[in-house]
Amino acid sequence: MDRDRILLTPGPLTTTLRTKLAMLKDWGSWDADFNAVTAQVRERLLDIVNGRDTHVVVPLQGSGTFSVEAAVATLVPRDGHVLVLDNGAYCKRAAKLTQMMGRKATVMAFPEDAPVSPEALEDRLKADASITHVVLIHCETGTGVENPLAAVAALCDRHGKGLIVDAMSSFAALPIDAAKLKFDALIAASGKCLEGVPGMGFVFIRKAVLDRCAGNSQSLAMDLHDQHVYMGKTGQWRFTPPTHVVVALAEAMQQFVEEGGQPARLARYTQNYRTLVDGMAALGFKPFLRPEIQAPIIVTFHAPAHPAYDFKRFYDSAKAKGFMLYPGKLTQVETFRVGCIGAIGPLEMQQAVNAVAATLREMGIPNGNPAH
Ligand SMILES: *Cc1c(COP(=O)(O)O)cnc(C)c1O
């Protein structure tokens, strides 16, 4: 097989040849040519959320979680109190890192198979005036559920709370308009729906709160305010930038613009999603979430009930056919996940479904029907 295996995961994702080829060059981190690439990437990122008037964007080396941690450390004062809306694994991670950053964190638990509830949030905000910030995961990648960003943003605005949004797996695919939604920080990364390679995150920070962020971070490397001030002065990243990742992102964003931007990306991912769920339904598989609350980003399926099913064998067999599936992240029920994002279209998704069908035949499993 002369094609790379297709990654049906929530990042790293399948990238285009153009994006891969962009990495075949060395760049000086202090050099004007590279600084121009960084500046262009930052401007284009702001355009995606229509945020040039209201926000700055600060890139940071590392995986997406580094930027979530940096956003909490930079935005939340040390005596702040963060309410984390929790309906899945990435929410729990955000709560954990908030606590580890020494901020008071209160976790508000919701069922994993439903969006977080704005009504319940409002009751909590009314009941506890000490809350300064709310953390929301836009698309909870642990299950694939889409959380009500607009409603939560409106509530935080009304109650005067800072909103920090982890939009890692939704940014550039689901619509987010900074002129319509008020958020203090919104976080995403290079290797998700922009279809770059992993290695850097970026945080949109509302200009109105930027000055107040000075000195909040107890970490030097994770201080986004310092990174922003330094970049403003020098055009350079504070410490060694992931040069190849940045130029690959610039190239991936050029293709994003050529494709038609966020609406076109959402349309393609939606086609991928439909092809996937229709094809899997025909094989007897059942999604974990109701379709109304499911984002077209990643789908959690119940594992087949058949005694011959074993995720490791299922995974290895699909991999041998060129498709990389993703394990489930739920503790109560056995599941696996399939990503709809990356530089793939419905054709590749149909091939993935065909590979799953062949895998079931090989394993002697008549269909994907779950236990109940
Ligand atoms: C991918 C992702 C992250 C970041 O994960 P990393 O492994 O650190 O890149 C954070 N939040 C969500 C919702 C994600 O999908």
Next item on the list: Give the minimum heavy-atom separation between Thr270 and Leu266, together with the two atoms involved.
Entry: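 Smallest interatomic distance, heavy atoms only, reads OG1-O, 2.6 Å.
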Tell me yes or no: between the side chains of [X] and [Y], is some donor less than 3.5 Å from an acceptor?
| X | Y | answer |
| --- | --- | --- |
| Gln61 | Arg238 | no |
| Glu251 | Gln255 | yes |
| Lys20 | Thr15 | yes |
| Ser29 | Gln236 | no |
| Ser130 | His81 | yes |
| Thr38 | Trp237 | yes |
| Arg18 | Gln254 | no |

Check: Where does the angle between the aromatic ring planes of Phe204 and Phe183 fall among parallel (under 30°), tilted (30 to 60°) and perpendicular (over 60°)?
Finding: perpendicular
Notebook entry, point to check: Do the ring planes of Phe285 and Phe314 sit parallel (below 30°), tilted (30 to 60°) or perpendicular (above 60°)?
Noted result: tilted
Charged N to carboxylate O below 4.0 Å: is that the case for [X] and [Y]?
| X | Y | result |
| --- | --- | --- |
| Arg124 | Asp128 | no |
| Lys321 | Glu362 | yes |
| Arg313 | Asp310 | no |

Margin query: Just to verify, what does Gln294 make a side-chain contact (heavy atoms from CB on, under 4.5 Å) with, not counting sequence neighbours?
Written below: Tyr273, Leu289, Val299
Next item on the list: Cation-pi check, Lys329 to Tyr90: give yes when NZ or CZ is under 6.0 Å from the six-membered ring centre and within 45° of the ring axis, no otherwise.
Entry: yes
Notebook entry, point to check: Which is it for Phe239 and Tyr230 under the ring pair (Phe, Tyr, Trp, His ring centres under 6.0 Å) test, yes or no, and what are the steps along the way?
Noted result: CA-CA 10 Å; Phe239 309 127; Tyr230 186 86; 7.8 Å; no
For residues 93-100, run the donor-acceptor check on the side chains, cut-off 3.5 Å, and write out each pair with its distance to 0.1 Å, sequence neighbours left out.
from, atom 1, to, atom 2, distance (Å)
Arg93, NH1, Thr65, OG1, 2.7
Thr98, OG1, Ala94, O, 2.7

Check: Do Phe323 and Ile344 share a hydrophobic cluster (ILVMFWY, side-chain heavy atoms under 4.5 Å, transitive)?
Finding: yes
